[in-house]
Engineer: 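Structure in structure tokens, see below.
Note that the structure is a prediction, hence the values are computed from the model and not measured. In what follows, chains carry the letters A, B, and so on, assigned in the order in which the sequence lines appear, proteins first and then strands, with residues in each chain numbered from 1.
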Amino acid sequence: MRASTRPLMFRILLIGPAALAICIFMVIPLMLMAWISIQGRDYSGGVIWGQFSFDAYTRLFFERELDGTIALNLSYFKIILRSIWLSALTMTISLIVGFPVALFMATRSQRWRAVLIFMVTLPFWTNLLVRNYAWILLLRDHGTINNTLLWLGVISEPLPLLHTQLAVAIGLTYSFMPFMVLPIYSSLEKIDFRLVEASFDLYASRWHTLKRVIFPLAVPGMVAGCILVFVPSLGSYVTPELLGGGKTLMIGNLIGLQFGAARNWPFGAALGLFLLLLVMIALTSYARSYRTNAQVGK
Amino acid sequence: MIIGDAVADPAKSTGQPDAIAATSLIKVFGAGDSAFKALDNVSINIRQNEFFTLLGPSGCGKTTLLRLIAGFEQPTSGTILLNGENIIDLPPFKRPVNTVFQNYALFPHMTVAQNISFGLEMQNRPKAEIKTNVDEMLSLVRMESMAGRRITEISGGQQQRVALARALAPKPKLLLLDEPLSALDLQLRKDMQLELKRLQLETGITFIFVTHDQEEALTMSDRIAVMDKGQILQVGTPRDIYDRPQHRFVAGFIGEINLLQAGPSGSAGEPGDYAIDQTGPIRVQDGKVAQQGQSVTLAIRPECISLSLPAEGKLPGTISNVVYHGTDTIYHYTLPNGAAMRARCQNSTMTTLPFVAGDAIGWSVDPRSVSVLEDK
């Protein structure tokens, strides 16, 4: 009530800085991207302003043959599918590995927790690029892993580890694991430990307590963690570039390629918007399933 | 110290093993300089179907004792027998004991009915049995209409009932209640006290009730153990504890009481007679014989003192203050040796006493209403 009685100018002044920031850093770049995606393509890079074309969008699924006919081309679609698959895999591995880590952290003493949080965030202190190079040293044909296995006599020839989907999945999981661990930790930490005692008191074993009490109460943290891992994985660039070795392109690399070597800015922009659409679908489906869960489960 | 119930009340032993027989329990938290002895050699026997209360101030060890019985803590030494069986090595989920927690600890992600059925499900009872049992519990605590509500949607008093129903549903041999009423307001607390007593009688389950509220303990319990500093000072019926306190602490913790220093009344007195310095002899009938030269503390409840005009055979005193309390009046008076006393007199119109501050009075007390305390 009181806010509406304030003078209009005063309100505009208060909203102004936030609105300006959103406008400069979000609305304008997005509009620009959308605009570029429907412009004509300049073969030397950039766009031909004012020449409208939806070629960039048809290119997502179709290609123009030499004789002018349009044929279905799923090679880009495959890259998009691979991106979703690798991101989902990364998310799943992070969840499976991250939950026990977070549970372990949340059940330590206050002093130990601080140390463990520090250790989880420690990799952020180094450049992502450098950390991915480190994985190259570990995964390559005569890297640490293969050499150790050869020395132990487990294998007689180096395993092809680098430049595979597996390598990309490992790299992504490694990069984004803290984003899974920290939100789960924060929701686990909030659980009243007396609920665990109550569960033990009511004949629930450790496993049942985990399944019936701790797990459901950690769902908000797990959802947040999954989003925080899935979304950046989907748009990742450095990891597939280095560990995938150009063979395992993800949508991020494809976009990079369009603005670089391929000099197809409209297509790059269209791919970018498509990625945005994918992320939004993923987020809304999460939000919806979470809301239904909240209504049914609680 | 060890308080044997067999000694205190041999008539009541029935041949059935005690619900709880704990022997020489010691619990030390921490180590080295920071070590804290929460329980100091506690032994206690709790009978079948008893409403047993552990009473004491916070930090006295009553909750620790409860947690040892529930299995949330392991004793540093000592044994606990439940119906004659040693349960020390059993984890909490294997003990046929349920707890009503101080903050209820209800599962926030489940409904009222789901909370109540949790323990039954964990015991793998058949579905149909769980259903009947949950319905039975809901009606026992009068929450039938709330079965589908979420825990966050019900009031504190209702949460309290759900916590009770949840703990009673698996039909435990023993129910532990950790200050379950402390979060409720006064009127609700009084209702729940009656409700708890009703549930205990209806289910026939042994209740161990922890509280720091002496009135609650007196009104609800079959027997009370008063605890302080990790030790059990006295075990007895509410009447025993109130009328016959054996320790200064017990006397002071439960209700108001006058404490008086006294010594044997010398050669002239009979056994059981004491003398109060500069005041006079007082007759005490509590089964103990005064030792020559011994100084004791006498405990007298304010409501046991009768006041009158100064007279032969009455002890002297001077009124210092009169406080009107509606149903009764508290007369504060001092003895010739300076000791402050209180007498509580009922305000029935027939016996209204006209004393005001400064009046000299005479006072007396029934010899059976005086307790001789062990100095502790």
Side-chain angles (χ1 to χ4, degrees), chain A residues 95 99 102-104 106-113 183-226 286-298, chain B residues 30 63 66-67 69-73 90-112 114-125 130 137 148-153 159 162-172 174-178 180:
Chain A
L95 185 61
F99 187 85
L103 187 60
F104 176 80
T107 48
R108 294 311 99 184
S109 70
Q110 205 66 45
R111 191 152 41 116
W112 265 105
R113 287 182 195 181
I184 297 179
Y185 165 78
S186 94
S187 67
L188 285 175
E189 192 204 30
K190 272 184 252 150
I191 296 177
D192 184 348
F193 193 74
R194 285 170 292 197
L195 294 178
V196 175
E197 285 190 344
S199 171
F200 284 156
D201 190 62
L202 292 161
Y203 314 106
S205 60
R206 283 177 189 84
W207 164 244
H208 277 114
T209 301
L210 184 70
K211 199 173 76 173
R212 294 286 304 270
V213 178
I214 297 175
F215 218 65
L217 291 172
V219 163
M222 290 195 279
V223 170
C226 284
Y286 260 133
R288 195 164 293 166
S289 75
Y290 183 56
R291 211 179 308 140
T292 8
N293 273 346
Q295 278 162 357
V296 174
K298 289 188 176 180
Chain B
T63 296
L66 204 70
R67 290 174 63 81
I69 296 171
F72 301 137
E73 308 276 358
L90 293 181
F93 50 87
K94 290 199 176 142
R95 299 189 184 191
V97 170
N98 286 144
T99 308
V100 178
F101 292 83
Q102 184 167 9
N103 66 336
Y104 317 141
L106 295 170
F107 303 121
H109 57 295
M110 298 181 195
T111 62
V112 167
Q114 284 168 338
N115 262 283
I116 298 173
S117 67
F118 187 86
L120 300 164
E121 286 170 40
M122 290 300 118
Q123 288 183 317
N124 289 318
R125 303 270 185 93
I130 293 178
M137 283 302 142
R149 292 279 192 96
R150 283 176 53 184
I151 292 307
T152 45
E153 293 169 344
Q159 289 187 9
V162 176
L164 261 170
R166 184 179 73 172
L168 284 171
K171 306 243 156 54
L174 185 63
L175 188 74
L176 308 176
L177 302 107
D178 186 6

Engineer: Where does the angle between the aromatic ring planes of A:F215 and A:F99 fall among parallel (under 30°), tilted (30 to 60°) and perpendicular (over 60°)?
Structural biologist: perpendicular
Engineer: Is the backbone of B:Q102 close enough, under 3.5 Å, to the side chain of A:R194 for a donor and an acceptor to pair up by distance?
Structural biologist: no
Engineer: Which bit of A:T209 comes within less than 4.5 Å of chain B, counting heavy atoms only: side chain, backbone, both or neither?
Structural biologist: neither
Engineer: With side-chain contact (heavy atoms from CB on, under 4.5 Å) as the test, would you mind laying out the steps for B:I151 and B:Y104 before giving the verdict?
Structural biologist: CA-CA 11 Å; B:I151 292 307; B:Y104 317 141; over 6 Å; no
Engineer: Whether the side chain of B:R166 engages the backbone of B:G119 through a donor-acceptor N/O pair (distance < 3.5 Å, no angle test) should be reported.
Structural biologist: no
Engineer: Would you say B:R150's side chain and B:P108's backbone share a donor-acceptor pair under 3.5 angstrom?
Structural biologist: no
Engineer: So what's closer than 4.5 Å to chain B heavy atoms on A:L217: side chain, backbone, both or neither?
Structural biologist: side chain
Engineer: For B:R67, is it the side chain, the backbone, both, or neither that has a heavy atom closer than 4.5 Å to a heavy atom of chain A?
Structural biologist: side chain
Engineer: For B:L176, which atoms come within 4.5 Å of any heavy atom of chain A: side chain, backbone, both, or neither?
Structural biologist: neither
Engineer: Tell me, for B:F107 versus chain A, whether the close heavy atoms (under 4.5 Å) come from the side chain, the backbone, both or neither.
Structural biologist: both
Engineer: Heavy-atom distances under 4.5 Å only: say whether A:D201 touches chain B with side chain, backbone, both or neither.
Structural biologist: both
